[in-house]
Number of protein chains: 2
Amino acid sequence: MARANTTKRAILDAALELAATKGITGTTMDEVAELAGVAKGSLYYNFSSKDQLFEAMLQEGVGSLADSLRTAKGELRGWPAIEALVRQLLDRIAANAPLAKLMASEIFRTDRAWQQTLFALRHEALAVFEAAIDETEVPAGRAGIMASSVFGAVLLAGLEWLVFEPERSRDEVAAGILATLNTSAPIE
Amino acid sequence: MARANTTKRAILDAALELAATKGITGTTMDEVAELAGVAKGSLYYNFSSKDQLFEAMLQEGVGSLADSLRTAKGELRGWPAIEALVRQLLDRIAANAPLAKLMASEIFRTDRAWQQTLFALRHEALAVFEAAIDETEVPAGRAGIMASSVFGAVLLAGLEWLVFEPERSRDEVAAGILATLNTSAPIE
DNA sequence: GTCTATAATACGATAGAC
DNA sequence: GTCTATCGTATTATAGAC
């Protein structure tokens with residue numbers, strides 16, 4: 001059982017790393033087994049299928065992301081909460097770039113075996129942003145769109161940073177994203 | 001030759017539609033041939049490989065997106081330009097949801113045969129936003145991050161709308177995104 | 001230019017020894 | 001619990017007729 005848990009861990013880690021660059025469909029079970037340092041038979045001892053392996057991986061990753069956002073918001077309300085959430089999401093993207101890449105590529109796929117699971121987790125993460133936005137003075141029914149906008153801004157800017165401009169500092173990127181949320185339309 | 005062009009068109013359209021839901025790797029040449037209404041041999045007569053077919057498809061789609069952004073900016077400067085670009089990008093996402101989905105899933109992949117091509121086109125599109133942002137009063141070196149943020153906000157909010165809440169109106173979504181860019185931090 | 005038929009390989013999954 | 005060996009099928013690509 002202890003042995004099974006470390007094997008499971010190695011398999012999940014290998015699966016995430018490979019899928020981040022090759023995509024889930026482009027990652028083969030042979031490759032996962034090789035990178036994890038186990039035989040392919042062990043993959044199927046621990047997970048019933050390729051789909052179930054990747055569903056478990058996404059559930060663990062996105063679930064823990066949603067948890068960390070709830071924790072980061074804590075008792076904060078309104079704009080300070082938004083600011084804390086943006087920084088926390090950016091930190092999590094930096095700490096787990098493979099998961100962030102995978103989220104960007106899987107979140108709008110509607111043909112996956114794990115569609116329901118991923119939808120629920122995505123909704124959990126967005127709900128934290130939505131709650132914070134709702135605490136500012138915002139017209140009714142608009143917080144959902146704004147939550148997606150903020151999440152999208154952080155996700156794309158964060159990945160752009162990690163993938164194409166890794167020489168920048170984290171604070172620089174956070175400041176740029178937060179500045180985007182304060183772009184002011186001129187008063188006419 | 002005329003016949004070849006209509007065949008090419010049918011193949012490219014079928015490839016885009018399939019890849020939007022199944023991903024590029026998950027789309028087979030047999031499926032493309034069937035949806036396009038041609039035999040598989042015709043795919044290989046018009047394109048030298050699966051990779052080259054999808055590179056051509058992305059080049060056409062993302063290239064025309066970048067062109068339309070340049071046109072939308074026109075002679076506008078600063079905030080009015082940003083507003084026009086946000087609306088134009090949202091319109092293009094709505095008019096070509098399959099391409100938008102594909103962009104979200106392919107833009108951070110670094111193992112693709114067409115990586116260079118896609119990188120250049122992505123850069124072209126972001127440059128239009130960056131120019132508009134640079135025309136507002138923004139600290140030096142920050143416009144690049146802000147351009148990614150705005151692009152990400154529109155892309156994710158737009159896809160969220162089309163995939164999960166299609167009952168909303170386009171103006172409602174545009175207003176929500178623009179409001180996100182004007183979220184004000186309280187003055188303390 | 002377009003078709004059908006087929007070659008060559010890659011991949012998910014399973015069986016059975018240890 | 002983990003391994004090796006293998007089965008069956010799906011997939012890219014090509015050959016050759018029309």
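First the proteins, then the strands, lettered A, B, ... as listed; each starts at 1. Remember, predicted model here, so these are calculated numbers, not experimental data.
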Handout entry: Any pair counted as ring-ring contact (aromatic ring centres under 6.0 Å, His included), so long as it reaches residues 97-148 of chain A, sequence neighbours left out
Key =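 Every pair satisfying ring-ring contact (aromatic ring centres under 6.0 Å, His included) with a residue in residues 97-148 of chain A: A:Phe119-B:Phe164, A:Phe129-A:Phe151.
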
Practice task
Check the distance between D:dC3's P and A:Glu34's CD and give it to me in whole angstrom.
Solution key: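 About 13 Å, once rounded to whole Å.
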
Exercise for the section: Starting at atom CD1 of B:Ile11, determine the distance to atom C1' of C:dT2, rounded to an integer number of angstrom. Expected result: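 Distance, rounded to whole Å: 10 Å.
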
Practice task
Summarise how protein sits on nucleotides 11-18 of chain D as a single string, 5' to 3': B when a protein heavy atom is under 4.0 Å from the base, S for sugar-phosphate-only contact, - for no contact.
Solution key: SBBB----

Exercise for the section: Compare the minimum distances between each of C:dG1, C:dC3, D:dT2 and the side chain of A:Asn46, then state the nucleotide with the smallest one. Expected result: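 Looking only at heavy atoms from C-beta outward on A:Asn46, the closest nucleotide is D:dT2.
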
Exercise for the section: Verify the contact: side-chain N or O of B:Tyr45 to OP1 or OP2 of C:dG1, cut-off strictly under 4.0 Å; return yes or no. Expected result: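 B:Tyr45 to C:dG1 OP1/OP2: side-chain N or O found under 4.0 Å.
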
Handout entry: Side-chain N,O (B:Thr7) to OP1/OP2 (C:dT2) below 4.0 Å
Key =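 Yes.
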
Problem - Within 6.0 angstrom of A:Gln115 CD, more than 12 heavy atoms from elsewhere - result: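 Buried by this count: over 12 neighbours within 6.0 Å.
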
Practice task
Answer yes or no: is there a side-chain heavy-atom contact under 4.5 Å between B:Val86 and B:Leu181?
Solution key: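 They are in contact (side-chain heavy atoms under 4.5 Å apart), so the answer is yes.
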
Handout entry: B:Asp91 with B:Arg87: basic N within carboxylate O range, under 4.0 Å
Key =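 Looking at B:Arg87 together with B:Asp91, the answer is no, because their closest N to O distance does not fall below 4.0 Å.
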
Problem - Under-4.0 Å salt bridge between A:Glu160 and A:Arg168 - result: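 Judged by the 4.0 Å cut-off on N to carboxylate O distance, A:Glu160 and A:Arg168 do not form a salt bridge.
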
Practice task
Output every pair passing salt bridge (charged side-chain N to carboxylate O under 4.0 Å, His left out) with a member in residues 40-59 of chain B, not counting sequence neighbours, ordered by first then second residue.
Solution key: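 Applying salt bridge (charged side-chain N to carboxylate O under 4.0 Å, His left out) to every pair that reaches into residues 40-59 of chain B, excluding sequence neighbours, yields B:Asp30-B:Lys40.
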
